[in-house]
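Just so you know, these numbers come straight off a predicted model, no measurement behind them. Chain letters run A, B, ... following the sequence lines, proteins first, then strands; residues in each count from 1.
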Amino acid sequence: MPDTPSAVRRRLLAWYDAHGRTLPWRAAPGAARTDPYRVWLSEVMLQQTTVPHATPYFQAFTARWPTVVDLADAQDSDLMAAWAGLGYYARARNLLACARAVARDHDGVFPDTEAGLLALPGVGAYTAAAVAAIAFGRAANVVDGNVERVMARLHAVQTPLPAARPELKRLAAAYVTDDRPGDWPQALMDLGATVCRPKSPLCPSCPIRIDCAAYAEGDPGRYPLKSSKAQRPHRQGIAWVIRNASGQVALVRRPDKGLLGGMVGLPTSDWSETAPTDNPPLSGPWTEAGAIEHVFTHFSLTLAVRTAEGEGDYIWMAPKEALKALPTVFSKALTRGLGA
DNA sequence: TAATCGTGGGG
DNA sequence: TCCCCAAGATT
């Protein structure tokens with residue numbers, strides 16, 4: 001059974017002071033207030049994304065767009081290209097919408113309350129609480145996957161995810177106070193990332209293991225319990241690599257909604273679980289260039305790649321530039337089509 | 001509420 | 001090789 005919340009807080013914050021991570025978006029100990037723009041940008045980039053994957057993007061974005069107003073002035077196509085490879089592209093569209101809302105409706109200054117932040121595009125319950133706590137020192141209940149896992153173990157919650165979410169959030173709320181409101185969620189998240197890991201938790205290094213009901217049971221790694229997930233279907237399609245006389249590649253801008261929305265892509269057939277209708281955009285002749293495999297969150301894909309020379313009403317881009325602007329699935333297909 | 005929405009690393 | 005999963009938001 002956990003000790004009092006205040007005792008748990010004391011031990012975990014002491015651990016955080018000694019073992020907390022140094023991260024590019026995190027203010028150095030004793031430094032002046034964290035820049036809300038950097039906190040918000042990092043939080044959006046880190047949604048469902050690992051620190052090593054997001055870090056170079058954070059560095060590139062802050063170098064190119066040092067303030068939220070700079071970002072608001074960016075071209076849509078530049079922003080989307082800079083996000084290429086990071087995934088969940090709705091985040092990039094919402095990032096730009098949010099920057100423009102802050103610039104236009106808030107004089108370039110982020111709202112400093114949880115409710116104000118929550119009203120911004122792409123800012124949900126987690127991100128609003130995180131920015132309110134970390135950038136503005138608000139006593140917000142910041143609950144991400146790490147916090148859910150720590151709470152599920154600390155209290156040996158028997159309800160499986162995702163049904164356990166409300167209960168886990170209630171449990172987390174008991175630890176939120178006006179003392180060090182920004183450090184507390186970061187301490188919880190650092191613990192979850194480095195000690196209370198999804199697999200093979202490092203309980204001997206945990207500052208609150210004496211409070212942990214799952215540790216007392218002997219197998220904390222089995223928490224949080226999870227309900228079984230649906231299996232992933234497999235789809236197939238065709239991607240067409242068209243090059244003009246200058247060696248440029250034909251790209252299309254994908255519609256804002258749906259998969260890879262707003263990104264440039266190769267022209268493709270429909271992607272379905274049955275063989276695609278071969279309806280190429282040019283008469284050809286087409287050369288078979290093999291196929292690539294790619295796995296999305298809710299389906300896997302085999303994409304046959306065919307190449308031809310031609311002209312037409314496309315976005316024409318040099319291959320080197322295209323490879324940087326395309327989402328990964330199309331970078332793979334283009335690389336194959338180029339014979340690299 | 002449940003489905004949709006990427007990618008890369010690790011066990 | 002395959003499956004898990006990571007600082008979630010939106011509809």
Open item on the list: For a quick check, tell me whether the side chain of A/R21 and the base of C/dA7 share a donor-acceptor pair closer than 3.5 Å.
Closed with: yes
Practice task
Scan A/G85 against the nucleic acid and name what it touches under 4.0 Å (heavy atoms): base, sugar-phosphate only, or nothing.
Solution key: sugar-phosphate
Considering only NZ, NE, NH1 and NH2 on the basic side and carboxylate oxygens on the acidic side, decide whether A/R11 and A/D211 come within less than 4.0 Å.
yes
note: A/R197, atom CZ; B/dG11, atom C1'; distance rounded to Å ~ 11 Å
CD1 (A/I134) and OG1 (A/T34) are apart, to the nearest 0.5 Å, by 7.5 Å
From NZ of A/K169 across to C1' of C/dG8 the rounded distance in Å is 12 Å
### Query
Under 3.5 Å, side chain of A/R149 to main-chain N/O of A/P224, donor-acceptor pair present?
no
To the nearest angstrom, the CD-P distance between A/E293 and C/dC2 comes to 10 Å
What does A/A230 touch in the nucleic acid at a heavy-atom separation under 4.0 angstrom: a base, only the sugar-phosphate, or nothing? nothing
>> Measuring to OP1 and OP2 of C/dT10, would you say a side-chain N or O of A/Y88 lies under 4.0 angstrom away?
In response: no
A/M45 atom CE is separated from B/dG8 atom P, nearest whole Å, by 15 Å
From CD of A/Q47 across to C1' of B/dT7 the rounded distance in Å is 15 Å
Looking only at B/dT7, C/dA7, C/dA9, the nucleotide nearest the A/L46 side chain is C/dA7
Taking for A/T127 and for A/K226 the nucleotide of DNA chain C with the nearest heavy atom, the one nearer the 5' end belongs to A/K226
Practice task
Report, as yes or no, whether the 6.0 Å neighbourhood of atom CG on A/D278 holds more than 12 heavy atoms from other residues, nucleotides or ligands.
Solution key: yes
In whole angstroms, the gap separating C1' of C/dA9 from CG of A/L118 amounts to 11 Å
Q: Indicate whether OP1 or OP2 belonging to C/dG8 is found under 4.0 Å from a side-chain N or O atom of A/Q48.
A: yes
Has A/R149 got a side-chain N or O lying under 4.0 Å from the OP1 or OP2 atom of C/dA6? yes
Heavy-atom nearest nucleotide on DNA chain B taken for A/K199 and for A/H53; more 5' hit belongs to A/H53
Contact check, residues 249-272 of chain A vs DNA chain B, heavy-atom distance under 4.0 Å, returns A/G258, A/L259, A/L260
**Message:** Regarding A/V142, tell me which of base, sugar-phosphate or nothing describes its non-hydrogen contacts under 4.0 Å with the strands shown.
**Reply:** nothing
Side-chain atoms of A/H298 come closest, of C/dG8, C/dA7, B/dT4, to B/dT4
- Query: When you compare B/dG6 with C/dC4, how far apart are their C1' atoms, in angstrom units rounded to a whole number?
  - Reply: 15 Å
Exercise. Using a cut-off of 6.0 Å, state whether more than 12 heavy atoms not belonging to A/E309 lie near its atom CD.
Key: no
Between NE2 of A/H294 and P of C/dC2 the distance, given in whole Å, is 16 Å
Please confirm whether the ring centroid of A/W40 lies under 6.0 Å from the ring centroid of A/F110. yes
May I ask you to check whether A/H298 and A/F296 place their ring centers less than 6.0 Å from one another?
no
In whole angstroms, the gap separating P of C/dC5 from CZ of A/R232 amounts to 12 Å
Side-chain donor/acceptor contact of A/T49 with base of B/dG6 under 3.5 Å = yes
A/D270 atom CG, over 12 foreign heavy atoms within 6.0 Å:
no
Comparing A/P121 with A/S42, nearest DNA chain C nucleotide closer to 5' gives the residue A/S42
Counting only N and O atoms by type, is there a donor-acceptor contact under 3.5 Å from the side chain of A/R153 to the main-chain atoms of A/A214?
no
Practice item. Have a look at A/W25 and say if it touches a base, only the backbone sugar-phosphate, or nothing, with a 4.0 Å heavy-atom cut-off. Key: base
Q) C/dA7 and B/dA2: how far apart are their C1' atoms, nearest whole angstrom? A) 23 Å
inquiry  = For a quick check of understanding: with a heavy-atom distance under 4.0 Å over all strands, which category does A/R26 fall into, base, sugar-phosphate or nothing?
reply    = base
* Asked: Are the ring centres of A/F61 and A/F58 closer than 6.0 Å?
  -> no
Please work out if A/V123 contacts a base, only the sugar-phosphate, or nothing of the nucleic acid, heavy-atom cut-off 4.0 Å. sugar-phosphate
Answer yes or no: does a side-chain N or O of A/T50 lie under 4.0 Å from OP1 or OP2 of B/dG9?
-> no
Note to self: With rounding to the closest Å, how many angstrom separate the C1' atoms on C/dA9 and B/dT1?
What the structure shows: 15 Å
**Asked** Hey, is the side chain of A/T297 pairing donor to acceptor with the base of B/dG6 inside 3.5 Å?
**Response** yes
task = Would you indicate what A/L95 reaches in the nucleic acid, counting non-hydrogen atoms under 4.0 angstrom: base, sugar-phosphate, or nothing?
result = nothing
Per atom distances to the A/P327 side chain, the nearest of B/dG6, C/dA7, B/dT7 is B/dT7
